[in-house]
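Only one structure is covered here, and it is reproduced in the block below.
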Protein chains: 2
Amino acid sequence: MDVDTRLLRYFTAIAEEGNLTRAAQRLFVSQPALTKQLKHLESHLGVRLFTRSSTGMTLTEAGRALAARVPALLGAWDEAAAETRTAARVLRVGFLSSAANEATQDIVAAFRERRQGWRVDMRQAPWSDPTAGLAGAEVPVALLRLPFSGQESFGVRSLFREPRCVALSCTHPLAGRAEIAFTELLDEPVVAAPGGDGVWRDHWLAMSEREGREVRVGAVTEQPDEFLSAIAHGYGIALVPASAARFYARPGVVYRPVTGVSPSEAGVAWHRDADEAVTDFVRCCLALARAGAEV
Amino acid sequence: MDVDTRLLRYFTAIAEEGNLTRAAQRLFVSQPALTKQLKHLESHLGVRLFTRSSTGMTLTEAGRALAARVPALLGAWDEAAAETRTAARVLRVGFLSSAANEATQDIVAAFRERRQGWRVDMRQAPWSDPTAGLAGAEVPVALLRLPFSGQESFGVRSLFREPRCVALSCTHPLAGRAEIAFTELLDEPVVAAPGGDGVWRDHWLAMSEREGREVRVGAVTEQPDEFLSAIAHGYGIALVPASAARFYARPGVVYRPVTGVSPSEAGVAWHRDADEAVTDFVRCCLALARAGAEV
DNA sequence: CCACGTCCATTCCGCCAGGTTATGGCGACG
DNA sequence: CGTCGCCATAACCTGGCGGAATGGACGTGG
């Protein structure tokens, strides 16, 4: 009777992968769940969309007809949603923990100054999505950390750089040191972000500074509070922006400067086909980035 | 995260009614269910779509923007589904119990002759939907009984007429009679179809032949088997097409000719914007209607 | 020819979204 | 000021979704 966008995304994933198992892991669901959903779609349409074989799934004539239509359907929905939000004078902004630091409030204030009567709806994203909702079209613009994979398909501007430091438990042997060389940390277990995103994860694990040394993952966390408690429990250490010392001070957690790792870069990213409000927001970001960089 | 067509239909119903309670009964759900679903949609979009008051719901600016888009979205989906079915060489045909009688098989055969390699997918509709799925766009074409309300918005052709007779329990006092006058039946309880469709229901209750006499409804049924068992149990009598005697003979149920009621008219109806396969099917119906009428 | 790997289907189970009924709060209206 | 209509909330129930484990069909390599 009813079809939702999820079903359509499932369908395209299967079509593109040509393989249920792989499509399932790409969508982060189990293979039986996909089987079942696909059956629903097929019985809803009364049509077989794929021919199954032991080598995989291939689209039928009907499946190809549907596949040709689905992107337009999903696009039309995203567009309608974006237009609705615009009409409500609400700008939804994704962000990653403290992505833009102290500048965030100023950016929002500047935007509300520029667009009287608008509201800014800040949505914090989990670290499993370094695009902060941009990739899933949940937000048209986001404050985040660079680089992230898939960056090329969005508009991206750098806002400022800041050094990275290390977060460790106050009980850690190195906690008393004023400064730590990254080479001293190569064998420490780390508290990492989940997910498979390559560039971004590599940056925070400082893969390029490890020269091939293995990473031992002591814990995986999605959100700041989980992260802090993992650090405090001594499950591992982690590289964080220097500003974390101001934003995430907590008993049991200390932050120490680190030498030998590249700085972190904060940025703003947006969907290419976004509306005027988004470009206004980006302008505000850029205007305030200089001020923020000096903090 | 995901939106389905149901949510959009709910939304338009609320927008059109301007009143949750009425929209709820139009959609055959409870009012709290609508409240909850609407909240989901609003929080998904991060936008208030209606302003609530004790006089009802009125669209906000954002709500109007969405309302302007939704028909196109739903239409695009229906279109994509129709095209997919066409590509699969499947024609889905809605029908109402024995709508086209013996002709049905011949029509299907003729269609398969005309369109080599096509399959016809017959979907039986419940009597709560006299359009046999046409109104909900579940099928592009249907075999049904005329008249039904909303008829003007579809293509409609009459196929044949046949007399109506009365179905009654074999224990009924009149069961032994060879023929019955409708005036003798005015005080009998009847087994009726559910739902509010005016013209169609009135026709089967023979409202215009009752001259204002009240109808007593003894039972309401959705499907032939329910109907037959209701008749057999003596919950009431009912007018049926004369052909029912052939299609629905059953122990405990007798069919008797009735005088004083208009005949029943079988027809084919289709969506105006349907594709070639549908018009082919309609042609087959018309070609075989004459043959069927003589049976 | 068999043993194994791959891929899709099936089964069973826990859980949540979406439904229902009952009830509360609030403004409009007589 | 009582009453009615309308929407929100609470408590509860159930069907469907998703997960883990398993089965079955097919191809492939030793």
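Letters A, B, ... mirror the listed sequences (proteins, then strands); counts begin at 1.
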Q. Taking the six-membered ring for Trp, are Trp77(A) and His44(B) parallel (under 30°), tilted (30 to 60°) or perpendicular (over 60°)?
A.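 Trp77(A) and His44(B): parallel rings.
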Write down the distance between [atom1] ([X]) and [atom2] ([N]), rounded to a whole number of angstrom.
{"X": "Glu17(A)", "N": "dT6(C)", "atom1": "CD", "atom2": "C1'", "answer": "16 Å"}
{"X": "Phe50(A)", "N": "dC7(C)", "atom1": "CZ", "atom2": "P", "answer": "16 Å"}
{"X": "Gln25(A)", "N": "dC8(C)", "atom1": "CD", "atom2": "P", "answer": "11 Å"}
{"X": "Leu38(B)", "N": "dC6(D)", "atom1": "CG", "atom2": "P", "answer": "17 Å"}
{"X": "Asp2(A)", "N": "dG16(D)", "atom1": "CG", "atom2": "C1'", "answer": "14 Å"}
{"X": "Leu20(B)", "N": "dT9(D)", "atom1": "CG", "atom2": "P", "answer": "12 Å"}
{"X": "Gln37(A)", "N": "dG18(D)", "atom1": "CD", "atom2": "C1'", "answer": "9 Å"}
{"X": "Leu34(A)", "N": "dC8(C)", "atom1": "CG", "atom2": "C1'", "answer": "11 Å"}

Q) Can we call the ring centroids of Phe281(A) and Trp270(A) under 6.0 Å apart? A)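 Aromatic pair excluded; centres sit 6.0 Å or further apart.
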(Q) Using a 4.0 Å heavy-atom cut-off, does Ser30(A) contact any base of the nucleic acid, only the sugar-phosphate backbone, or nothing at all? (A)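 Base contact - Ser30(A) has a heavy atom under 4.0 Å of at least one base atom.
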Q. Between Lys36(A) and Thr55(A), which has a closest nucleotide on DNA chain D that is more 5'?
A.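 Closer to the 5' end of DNA chain D: Lys36(A).
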**Q.** Main-chain N/O of Ala80(A) paired to Glu83(A) side chain as donor or acceptor, under 3.5 Å
**A.**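 No; zero donor-acceptor contacts below 3.5 Å.
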Q: Give a yes or no on whether the backbone of Leu49(A) and the side-chain of Glu42(A) come within a donor-acceptor separation of less than 3.5 Å.
A: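 Yes; judged by distance alone, with no hydrogens or angles, the pair exists.
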If the cut-off is 4.0 Å, is [X] near the phosphate of [N], judged by side-chain N/O to OP1 or OP2?
{"X": "Tyr10(A)", "N": "dG18(D)", "value": "yes"}
{"X": "Arg6(A)", "N": "dG18(D)", "value": "yes"}
{"X": "Thr21(B)", "N": "dG5(D)", "value": "no"}
{"X": "Arg52(A)", "N": "dA9(C)", "value": "yes"}
{"X": "Asn19(A)", "N": "dC8(C)", "value": "yes"}

Q. Can you tell me if Gln25(B) and Thr21(B) form a side-chain donor-acceptor pair at under 3.5 Å?
A.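 Not at all, the side chains of Gln25(B) and Thr21(B) share no donor-acceptor pair under 3.5 Å.
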Q. Relative to the 5' end of DNA chain C, which residue comes earlier, Asp4(B) or Ser54(A), by the nucleotide with the nearest heavy atom?
A.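 Mapping each residue to its closest nucleotide by heavy atoms, the 5'-most match is Ser54(A).
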Q. Starting at the 5' end of DNA chain C and moving along, which residue's nearest nucleotide shows up first, His40(B) or Gln31(B)?
A.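 This one resolves to His40(B).
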Q | Minimum-distance nucleotide (side-chain atoms of Ala33(A) versus dA21(D), dG18(D), dT20(C)) | A | dG18(D)
